[in-house]
Amino acid sequence: MRERLLAIDILRELKRTYTYKELSRIFGLQESLLCRYVNGTTVPSEQQARELLSWTTNRDFLQKFFKDKIKIYPDSFIDTSELLHYPSLLRLAMEPILSKFGRVDKVFSIATNGVPFATMASMILGKPLLVAKKHKDSIYLEYLEESMKEADSVVTNVYVRKNFVSKDDRILIVDDVMKTGKTIRSSISLISKGGGTVAGILLIVAQESSIRDLTNYATEVMFKI
């Protein structure tokens, strides 16, 4: 039943981009049947659901679908927020990539636009989520601290609870976009200060050239631009 309901969720997400006519051409199903699936009046059979999921999980399809949702503006801002409008499809895209990192005990992100993606990774893996912040929540708590250069002459401190990172932890870093790498370097440093090990780095969007300095870590980029 889970696969059948997931197939419906995916069709509903695809309907935001495609017409029923286009979906009919993609899946080879009648428009009226697809309409009933999307509206919830009919549930696909197990076989039909598997076929729908099998086609949708095609990496080339997901790559093209999501790349069209990534916006790059003249001021160099890379907007990944629209990807989050398709949670079921995004999950399908993330699952095979997350399986490449081996043992992961915790998922880590600095409080930026990468947190929603880190949250999804945490839920898929069923592991705790650590979010480093640019402030301390209480003077009564102990923190690991790292300085991060935001711009010329501007330095920001980031903090994560000291008791949240231990020496046996294998921690996956997740970020939405990598440009200069300062967020990733600060994340690595914070994990190291707590005695943890970086299990890998998952970047939603990055340029091939920007990840050259990460050769010491298992690094996966979902969408290269």
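Numbers here are sequence positions counted from 1. Below, each value reflects all heavy atoms present in this structure, side chains not excepted, and no hydrogens, waters or symmetry copies.
Shown here are the side-chain hydrogen bond (donor to acceptor under 3.5 Å, both in side chains) partners of Asn113, two or more places apart in sequence or in another chain: there are none.
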Original post:
Can you list the steps and then say if Asp175 with Ile110 is a side chain to side chain contact (heavy atoms under 4.5 Å, CB included)?
Top reply: CA-CA 8 Å; Asp175 204 3; Ile110 289 180; over 6 Å; no
**OP:** Determine, step by step, whether Leu6 and Leu53 satisfy the side chain to side chain contact (heavy atoms under 4.5 Å, CB included) criterion, reporting the C-alpha distance in whole Å, the side-chain angles of both residues, the deciding distance to 0.1 Å, and the verdict.
**Re:** CA-CA 8 Å; Leu6 177 58; Leu53 292 174; 3.9 Å; yes
**OP:** Start with the C-alpha gap between Ile10 and Leu52, add the side-chain angles, then the distance that decides, and say whether side chain to side chain contact (heavy atoms under 4.5 Å, CB included) holds.
**Re:** CA-CA 9 Å; Ile10 286 171; Leu52 287 166; over 6 Å; no
**OP:** May I have the step-by-step check of salt bridge (Lys or Arg N to Asp or Glu O under 4.0 Å) for Lys193 and Glu146, ending in yes or no?
**Re:** CA-CA 9 Å; Lys193 286 180 178 179; Glu146 177 65 19; 2.7 Å; yes
Original post:
Given Glu46 and Arg4, is the salt bridge (Lys or Arg N to Asp or Glu O under 4.0 Å) satisfied, shown in steps?
Top reply: CA-CA 6 Å; Glu46 289 184 14; Arg4 297 167 72 185; 5.0 Å; no
**OP:** Determine, stepwise, if the pair Val221 / Gln207 fulfils side chain to side chain contact (heavy atoms under 4.5 Å, CB included).
**Re:** CA-CA 9 Å; Val221 180; Gln207 294 179 329; over 6 Å; no
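Side chains of Thr183 and Met148 form a contact here, defined as non-hydrogen atoms less than 4.5 Å apart. Side-chain contact between Asn157 and Lys134 is absent, with no heavy-atom pair separated by less than 4.5 Å. Taking 4.5 Å as the limit, every side-chain heavy atom of Leu129 sits out of range of all side-chain heavy atoms of Met123. Contact check for Ile201 versus Leu172: no side-chain heavy atoms found under the 4.5 Å cut-off. Val198 places a side-chain heavy atom less than 4.5 Å from the side chain of Ile173. Annotation: side chain of Phe223 is in contact with side chain of Leu83 (closest heavy-atom distance under 4.5 Å). Considering only heavy atoms from C-beta on, Leu14 comes within 4.5 Å of Phe27 through its side chain. Put simply, the side chain of Phe108 reaches to within 4.5 Å of the side chain of Leu190, judged on heavy atoms.
When hydrophobic clusters are built by joining Ile, Leu, Val, Met, Phe, Trp and Tyr residues whose side-chain heavy atoms come closer than 4.5 Å, directly or via intermediates, Ile225 is grouped together with Met222. Taken together through direct or relayed side-chain contacts under 4.5 Å among Ile, Leu, Val, Met, Phe, Trp and Tyr, Ile204 and Leu62 form part of one hydrophobic cluster. Residues Leu202 and Val177 are members of one and the same hydrophobic cluster, defined by side-chain heavy-atom contacts under 4.5 angstrom among Ile, Leu, Val, Met, Phe, Trp and Tyr. Residues Tyr18 and Trp55 share a hydrophobic cluster, clusters being chains of Ile/Leu/Val/Met/Phe/Trp/Tyr side chains in contact below 4.5 Å. Both Leu33 and Tyr20 are assigned to one and the same hydrophobic cluster, defined by single-linkage of ILVMFWY side chains at heavy-atom distances under 4.5 Å.
Between the side chain of Arg36 and the main chain of Thr41, no donor-acceptor pair closer than 3.5 Å is present. Checked by atom type and distance alone, the side chain of Arg50 never pairs as donor or acceptor with a backbone atom of Ser45 at under 3.5 Å. Of the possible polar contacts, one joining the Ser138 side chain to the Tyr140 backbone as a donor-acceptor pair under 3.5 Å is found. Within the 3.5 Å criterion, the main-chain N or O of Tyr217 finds a donor-acceptor partner in the side chain of Thr219. Lys149 places no side-chain N or O within 3.5 Å of a backbone atom of Thr156 that could act as its donor or acceptor partner. Checked by atom type and distance alone, the side chain of Ser186 pairs as donor or acceptor with a backbone atom of Lys182 at under 3.5 Å. Judged by distance alone, the side chain of Lys179 and the main-chain N or O of Ser76 form a donor-acceptor pair under 3.5 Å.
Lys127 contributes atom NZ, which lies 12.5 Å from atom CD1 of Ile171 (distance to the nearest 0.5 angstrom). Note that the CD atom of Glu51 and the CG atom of Leu29 stand 8.0 Å from one another [nearest 0.5 Å]. If you take OH on Tyr143 and CG on Asp137, they are separated by 4.0 Å, rounding to the nearest 0.5 Å. Considering CG of Asp168 and CG of Asp105, their distance stands at 8.0 Å, rounded to 0.5 Å. One distance of note links CG of Leu11 with SG of Cys35; it measures 11.0 Å at 0.5 Å rounding. Atom NZ of Lys15 and atom CG of Leu34 lie 10.0 Å apart (nearest 0.5 Å).
For Arg16, the CZ atom counts as densely surrounded, since its 6.0 Å shell holds more than 12 non-hydrogen atoms of other residues, nucleotides or ligands. With a 6.0 Å radius and a threshold of 12 heavy atoms from other residues, nucleotides or ligands, Lys162 has its NZ atom at or below the threshold. Annotation for Lys71: atom NZ counts as buried by contact number, over 12 foreign heavy atoms lying within 6.0 Å. Counting non-hydrogen atoms of neighbouring residues, nucleotides and ligands closer than 6.0 angstrom, the CD atom of Glu95 exceeds 12 such neighbours. The number of heavy-atom neighbours closer than 6.0 Å to CD of Gln30, taken from other residues, nucleotides and ligands shown, is 12 or below.
Smallest separation of non-hydrogen atoms from Met178 and Leu203: SD-CD1, 3.6 Å. Between Arg91 and Arg2, the shortest heavy-atom contact is NE-NH2, 4.5 Å. Leu214 approaches Ile184 most closely through the heavy-atom pair CD2-CG2, 3.9 Å. Between Gly194 and Leu144, the closest heavy-atom pair is CA-CD1, 3.6 Å. Between Met94 and Phe117, the shortest heavy-atom distance links the atoms CE-O, 3.7 Å. Contact between Val174 and Ser109 at its shortest, heavy atoms only, is O-OG, 3.1 Å.
Of the residues listed (Ile72, Asp176, Asp79, Thr80), the one engaging Val205 in a side chain to side chain contact (heavy atoms under 4.5 Å, CB included) is Thr80, and it is the only one.
Of the charged side-chain nitrogens involved, at least one lies within less than 4.0 Å of a carboxylate oxygen, so that Lys106 and Asp169 count as a salt-bridged pair. In summary, Lys64 and Asp60 do not engage in a salt bridge, as defined by a charged side-chain N under 4.0 Å from a carboxylate O. Lys21 and Glu31 are not joined by a salt bridge, as no carboxylate oxygen comes within less than 4.0 angstrom of a charged side-chain nitrogen.
Using cut-offs of 30° and 60° on the angle between ring planes, the pair Phe66 and Tyr86 is perpendicular.
Sorted by first and then second residue, the ring-ring contact (aromatic ring centres under 6.0 Å, His included) pairs with a member in residues 154-178 form an empty list; sequence neighbours excluded.
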